[in-house]
Visitor: 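The following block contains the structure, expressed as structure tokens.
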Amino acid sequence: MYLSLSVLSVSLLAAQTALGKLYTEPSQLRSTTYDYVIVGAGTAGSVLANRLTEDQKIRVLVVEAGRSNNGSDVANIRIPFNAPLASPGTPFDWNFTTVNQPSLNNLPEPYPRGKVLGGSSSTNYLVYTRGASDDYDRLAKIAGDDGWTWDNLHPYILKHSSIVPPADGHNTTGQFDPAWHGNGPLRTSLAGFPAVIDPLVIQTTQVLSDEFPFNLDVNSGNPLGIGWTQSTIANGTRQSSAVAYLGPVLFRSNLDVLINTQVTRLIQTGHAGGKPDFRSIEFAQNAKSRRFRATARREVILSSGAVGTPQLLMLSGIGDRKALSKVGIKAIVNNPDVGEHLQDHPFLPLQWEVNSNETFDQIFYNPDLAAAVLDQWNRNHTGPLATNPVTNQLGFLRIPKNHSIWEQFEDPSSGPHAPHYEIAFGNSFVTTSAQDLPTSGGFLSITPIVVSPTSRGYVRLNTSNPFDQPLIDPAFLSTDYDVAVMVEAVKASQRYVAASPWKDYIIRPFIDSANTTTVEGIVEYSRQRTATTRHPTGTAQVGKVVNGDLTIKNVSGLRVVDASIFPFVPTGHTQAPTYIIAERAADIIKAAHRN
Ligand SMILES: Cc1cc2nc3c(=O)[nH]c(=O)nc-3n(C[C@H](O)[C@H](O)[C@H](O)COP(=O)(O)OP(=O)(O)OC[C@H]3O[C@@H](n4cnc5c(N)ncnc54)[C@H](O)[C@@H]3O)c2cc1C
Ligand SMILES: *[C@@H]1O[C@H](CO)[C@@H](O)[C@H](O)[C@H]1NC(C)=O
Ligand SMILES: *[C@@H]1O[C@H](CO)[C@@H](O)[C@H](O)[C@H]1NC(C)=O
Ligand SMILES: *[C@@H]1O[C@H](CO)[C@@H](O)[C@H](O)[C@H]1NC(C)=O
Ligand SMILES: *[C@@H]1O[C@H](CO)[C@@H](O)[C@H](O)[C@H]1NC(C)=O
Ligand SMILES: *[C@@H]1O[C@H](CO)[C@@H](O)[C@H](O)[C@H]1NC(C)=O
Ligand SMILES: *[C@@H]1O[C@H](CO)[C@@H](O)[C@H](O)[C@H]1NC(C)=O
Ligand SMILES: *[C@@H]1O[C@H](CO)[C@@H](O)[C@H](O)[C@H]1NC(C)=O
Ligand SMILES: *[C@@H]1O[C@H](CO)[C@@H](O)[C@H](O)[C@H]1NC(C)=O
Ligand SMILES: *[C@@H]1O[C@H](CO)[C@@H](O)[C@H](O)[C@H]1NC(C)=O
Ligand SMILES: *[C@@H]1O[C@H](CO)[C@@H](O)[C@H](O)[C@H]1NC(C)=O
């Protein structure tokens, strides 16, 4: 997704709190032996660092490749509206690129991943959705562990998050269901600044209530319908796992966090129960610098994300024997599924020119306005920069049972509460292509996403150098089903804006998305403009690479806790599901070592 926000990247007043206890060089570590070693202080890793150090006797080391989330240059990861500025090419991102995508006109795509405390929760677009109850029930079935069902995860759903008043303090009655929100450290909120389209989106749920019913809370386990977006924003500021989970416990003397340091491989330390035991890690600050080691008495936990985790497993000899030998790595555990089956959500923006000068586009065109809204945010964390940059409302929809698509394809969704596609409403020009960016006019964007894709790709090693990026193939739109659902999602978006509330608002479709008047046109446009929703999952999935308790098959001493464990990508944005599984994993780990 590309948003032109560069006018806003004025440096912030350095109003940051002092750094907590963070080590910036391996030589500063006080020890080489810990109870647990966590690789990656991202979304899941920070949850584990917090929960495992609740017991003061337990010593934990976290090693994070990225930088601190605090400092004088982090405005773009704190100001919600500036989220698109923490993108590839900035110091907060790994700057990965996919291999050429045959179904996207054979071009490569940028593939953003957070490289900072909080990981991708520090750089994402803040949308907070849990997916469908059926998604978790399917996970439980595959895992052979009832603990992963939606009902049984309920305590963790309420434990990790809470909902707080939005930045503009508006009355949110009727915009969410308090029954589904708990008292956890990750604070979320509804739209923090009104958008001119808000009433039109909501009125359409009344006018077209059969197809697009209003859903009071898409986070109830039944996401179907159109509802208000919840975002990981509190007090007008981004809430990440670094802000919610890690920062607040950095004072604990049993927690060591080492940043700017990449784990380069896991080292076999022996055998346990007839399986190779991996309880040491090797780490370094760059390809040429000295390599250090640390060892976990209990276990090493991989929370390096859906790209980093399989990469590290393969670098350590856990993967497909043949593929590893091609890059000169000897397999210790032959598992051909490591890194395979990558699943992500294809995202396609549509835009309409509208009869308004109150869209957020004005902020991008007018430097004085941009300076004024930045000034306002700096003063009291309110104004347009305090809200989600892409959407105040979104919805999750199923293709009806009697639709002809089901004559051709089997329904891959996890159950009747799970959507096939999502649409989100944006009060500005949202695009995946810099060349589309307008310099005047007001725009509405709707962004269809195939949330039940059947395409699967991979993460593979290109070389044995841990500092070389792996080969990443999300295989976007590589199945006919995914293309067919994208076509339906585009048509649904067009029906939405054809409803009466939009009559005087919409002027015309934007020139490029105007190509979408025929099925052939939609398909061609999709192949040109589809990009990642940044939801990679499945590369160390339950059932194939990890067991139901997230330990790695045929290996001792290692567990995976991050978005790579999902056998199917959840049918929503993936941060909430990641927090939820991390909270339960913390309890699984504590229980495994209770004696
Ligand atoms: C730009 C962007 C926008 C997104 N928008 C949304 C959204 O709006 N809503 C939503 O729900 N989801 C969104 N997502 C997806 C969501 O943020 C992720 O699914 C989720 O945060 C993944 O959590 P994780 O713990 O698996 O990985 P991450 O949070 O990415 O954490 C992995 C951590 O491991 C570190 N690491 C990796 N390799 C190593 C190594 N070898 N040594 C040491 N450290 C290592 C990384 O630097 C990182 O900090 C977005 C993601 C991105 C990148
Ligand atoms: C990011 O990657 C691109 C190539 O994909 C490269 O041109 C660019 O220099 C990289 N940027 C940084 C900051 O590493
Ligand atoms: C918010 O609105 C609801 C109904 O719309 C009303 O009952 C409630 O009193 C309002 N709350 C506040 C704090 O004004
Ligand atoms: C960064 O600063 C914020 C406050 O601005 C604080 O809440 C958070 O805990 C800090 N994070 C770290 C890792 O120090
Ligand atoms: C684990 O090891 C057993 C016995 O060697 C083997 O049959 C099985 O296929 C292995 N599983 C995986 C996922 O590699
Ligand atoms: C915005 O539009 C209104 C009416 O459509 C007009 O009165 C006003 O001058 C416009 N403002 C700007 C800044 O263009
Ligand atoms: C925040 O500042 C703006 C001016 O920049 C002001 O209009 C607004 O009332 C302030 N809001 C709060 C909650 O203080
Ligand atoms: C919210 O932000 C304002 C403005 O920066 C700050 O003064 C206030 O302390 C913050 N409140 C909380 C609860 O963090
Ligand atoms: C599907 O069923 C609905 C009523 O449930 C009906 O309105 C619609 O026309 C049917 N569509 C097709 C393609 O038969
Ligand atoms: C893979 O490695 C080769 C060199 O060994 C390099 O030329 C190529 O660019 C790499 N591919 C990617 C996608 O990084
Ligand atoms: C729109 O259609 C024109 C003419 O057929 C074509 O050149 C252009 O590439 C299309 N744009 C997109 C984004 O599909």
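Atoms within a ligand are numbered from 1 in the order they appear, just like the ligands themselves. Nothing fancy with the numbering, it's 1 onward along the sequence.
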Visitor: Can you tell me which residue and heavy atom of the protein come closest to atom 18 (C) of ligand 1, and the distance to 0.1 Å?
Guide: T574 OG1, 3.7 Å

Visitor: Can you find a pair of side-chain heavy atoms, one from V569 and one from T574, that are under 4.5 Å apart?
Guide: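 Yes, side chains in contact.
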
Visitor: Closest non-hydrogen protein atom to atom 5 (N) of ligand 1, residue and atom name please, with distance?
Guide: Y125 N, 3.0 Å

Visitor: Can N465 and T463 be counted as having a side-chain donor-acceptor contact under 3.5 angstrom?
Guide: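 No, no side-chain donor-acceptor contact under 3.5 Å.
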
Visitor: Kindly confirm or rule out an N or O of K115 lying under 3.5 angstrom from an N or O of ligand 1.
Guide: no

Visitor: Under a 4.0 angstrom heavy-atom cut-off, which atoms of ligand 1 come close to S121?
Guide: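 With S121 as reference, the close atoms of ligand 1 come out as 21 (O).
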
Visitor: Considering heavy atoms of the protein only, find what lies nearest to atom 31 (O) of ligand 1 and give residue, atom and distance to 0.1 Å.
Guide: G42 CA, 3.3 Å

Visitor: Find all atoms of ligand 1 within a distance of less than 4.0 Å from any non-hydrogen atom belonging to A44, and give their numbers and elements.
Guide: 25 (O)

Visitor: Test of understanding: given a 4.0 Å heavy-atom threshold, classify the contact between S303 and ligand 1 as side chain, backbone, both, or neither.
Guide: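 Just the backbone.
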
Visitor: Quiz question: by atom type and distance under 3.5 Å, do the side chains of T232 and T188 form a donor-acceptor pair?
Guide: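 Short answer, no.
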
Visitor: Which residue supplies the protein heavy atom nearest to atom 37 (C) of ligand 1, what is that atom called, and how far is it?
Guide: S304 O, 3.3 Å

Visitor: Are any of the protein's heavy atoms under 4.0 angstrom from atom 2 (O) of ligand 9, yes or no?
Guide: yes

Visitor: Any N or O on W94 sitting closer than 3.5 Å to an N or O of ligand 1?
Guide: yes

Visitor: Does an N or O anywhere in A41 fall below 3.5 Å from an N or O of ligand 1?
Guide: no

Visitor: Identify, by atom number and element, the atoms of ligand 1 in contact range of T123, meaning under 4.0 Å from any of its heavy atoms.
Guide: 1 (C)

Visitor: Nearest 0.5 Å, please: how far is CD in Q262 from NZ in K115?
Guide: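 Answer rounded to 0.5 Å: 6.0 Å.
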
Visitor: Tell me whether the rings of F425 and Y496 are parallel (<30°), tilted (30 to 60°) or perpendicular (>60°).
Guide: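 Ring orientation, 0 to 90° scale: tilted.
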
Visitor: Pick one of side chain, backbone, both or neither for how Q311 approaches ligand 1, counting any non-hydrogen atom pair under 4.0 Å.
Guide: neither

Visitor: Could you identify the single nearest non-hydrogen protein atom to atom 13 (C) of ligand 10 and state the distance to 0.1 Å?
Guide: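 In this structure, atom 13 (C) of ligand 10 has L471 CD2, 3.6 Å as its nearest protein heavy atom.
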
Visitor: What protein heavy atom is closest to atom 8 (C) of ligand 10, reported as residue, atom name and distance in Å?
Guide: N462 ND2, 3.7 Å

Visitor: Give a yes or no on whether the ring-centroid distance for Y579 and Y156 is below 6.0 angstrom.
Guide: no

Visitor: May I ask you to identify, for T309, whether its side chain, its backbone, both or neither come under 4.0 Å of ligand 1 on a heavy-atom basis?
Guide: neither

Visitor: Does a side-chain heavy-atom distance below 4.5 Å link D256 with V60?
Guide: no

Visitor: For T43, is at least one N or O under 3.5 Å away from an N or O on ligand 1?
Guide: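 The answer is yes, given that T43 and ligand 1 share an N or O pair closer than 3.5 Å.
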
Visitor: Would you call the rings of H420 and W406 parallel, tilted or perpendicular, taking 30° and 60° as the class edges?
Guide: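 If you compare the ring of H420 with that of W406, the planes turn out tilted.
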
Visitor: Would you check if the side chain of T261 reaches a backbone N or O of L258 as a donor-acceptor pair within less than 3.5 Å?
Guide: no

Visitor: Show which atoms of ligand 1 fall inside a sub-4.0 Å distance from at least one heavy-atom site of A563.
Guide: 26 (O)

Visitor: Tell me, which protein residue and heavy-atom name are nearest atom 28 (P) of ligand 1, and how many Å apart are they?
Guide: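 So the nearest neighbour among protein heavy atoms is S120 N, 3.6 Å.
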
Visitor: Run the numbers for me: atoms of ligand 1, each under 4.0 Å from some heavy atom of Q262, listed by number.
Guide: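 Reading through ligand 1 atom by atom, the close ones are 40 (C), 41 (N), 42 (N).
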
Visitor: To the nearest 0.1 Å, how far is atom 42 (N) of ligand 1 from its closest protein heavy atom, and which atom is that?
Guide: V263 N, 2.9 Å

Visitor: Looking only at protein heavy atoms, which one is nearest to atom 49 (O) of ligand 1, and what is the separation?
Guide: E64 OE1, 2.6 Å

Visitor: Does any N or O atom in G45 lie less than 3.5 angstrom from one in ligand 1, N or O only?
Guide: no

Visitor: Please compare T463, T97, N465 and report which has the shortest non-hydrogen distance to atom 5 (O) of ligand 10.
Guide: T463

Visitor: Need the ligand 9 atom indices (1-based, order shown) with element for anything under 4.0 Å from a heavy-atom of N402.
Guide: 1 (C), 2 (O), 3 (C), 8 (C), 10 (C), 11 (N), 12 (C), 13 (C), 14 (O)

Visitor: Looking only at N/O atoms, are D562 and ligand 1 under 3.5 Å apart anywhere?
Guide: no

Visitor: Using a 4.0 Å cut-off to any heavy atom of G114, which atoms of ligand 1 qualify?
Guide: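 Here the atoms of ligand 1 in question are 46 (C), 47 (O), 48 (C), 49 (O).
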
Visitor: Is the distance between the ring centroids of Y128 and H573 under 6.0 Å?
Guide: no

Visitor: Evaluate the ring planes of F360 and F81, with Trp represented by its six-membered ring, and classify them as parallel (under 30°), tilted (30 to 60°) or perpendicular (over 60°).
Guide: perpendicular

Visitor: So is V127 polar-close to ligand 1, meaning N/O to N/O under 3.5 Å?
Guide: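 The answer is yes, given that V127 and ligand 1 share an N or O pair closer than 3.5 Å.
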
Visitor: Considering only heavy atoms of V63, which atoms of ligand 1 have at least one such atom less than 4.0 Å away?
Guide: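 The atoms of ligand 1 under 4.0 Å from a heavy atom of V63 are 43 (C), 44 (N).
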
Visitor: Judged by modelled atom types alone, do Q101 and N106 share a side-chain donor-acceptor pair under 3.5 Å?
Guide: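 No - no donor-acceptor pair under 3.5 Å links their side chains.
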
Visitor: Using only heavy-atom distances, determine whether the side chains of D562 and S564 contain a donor-acceptor pair under 3.5 Å.
Guide: yes

Visitor: Against heavy atoms of V116, which atoms of ligand 1 measure under 4.0 Å?
Guide: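 In order of numbering, the contacting atoms are 49 (O).
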
Visitor: Determine, stepwise, if the pair R534 / N124 fulfils side-chain contact (heavy atoms from CB on, under 4.5 Å).
Guide: CA-CA 8 Å; R534 300 103 200 259; N124 70 19; over 6 Å; no

Visitor: Heavy-atom distance under 4.5 Å between the side chains of R293 and T32, does that happen here?
Guide: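 A side-chain contact is absent here, since even the closest heavy-atom pair is not under 4.5 Å.
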
Visitor: Could you check if a side-chain atom of V127 sits within less than 4.5 angstrom of a side-chain atom of T229, using non-hydrogen atoms only?
Guide: yes

Visitor: Look only at interatomic distance and state if T261 has a nitrogen or oxygen under 3.5 Å from any nitrogen or oxygen of ligand 1.
Guide: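 No - when backbone and side-chain N and O of T261 are compared with those of ligand 1, no distance drops under 3.5 Å.
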
Visitor: Side-chain contact, heavy-atom cut-off 4.5 Å: V555 with I318?
Guide: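 With C-beta onward as the side chain, the pair touches.
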
Visitor: Determine, for F292 and R290, whether the Lys NZ or Arg CZ falls below 6.0 Å from the six-membered ring centre while staying within 45 degrees of the axis.
Guide: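 Yes, a cation-pi geometry.
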
Visitor: Between R398 and D411, does at least one N-O distance fall below 4.0 Å, as a salt bridge requires?
Guide: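 A salt bridge links R398 with D411.
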
Visitor: Atom 10 (C) of ligand 1: which of H573, H345, R265 has the nearest heavy atom?
Guide: H573

Visitor: I need the nearest protein heavy-atom contact for atom 15 (C) of ligand 1: residue, atom name and distance, please.
Guide: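 Ranking protein heavy atoms by distance from atom 15 (C) of ligand 1, first comes R534 O, 3.2 Å.
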
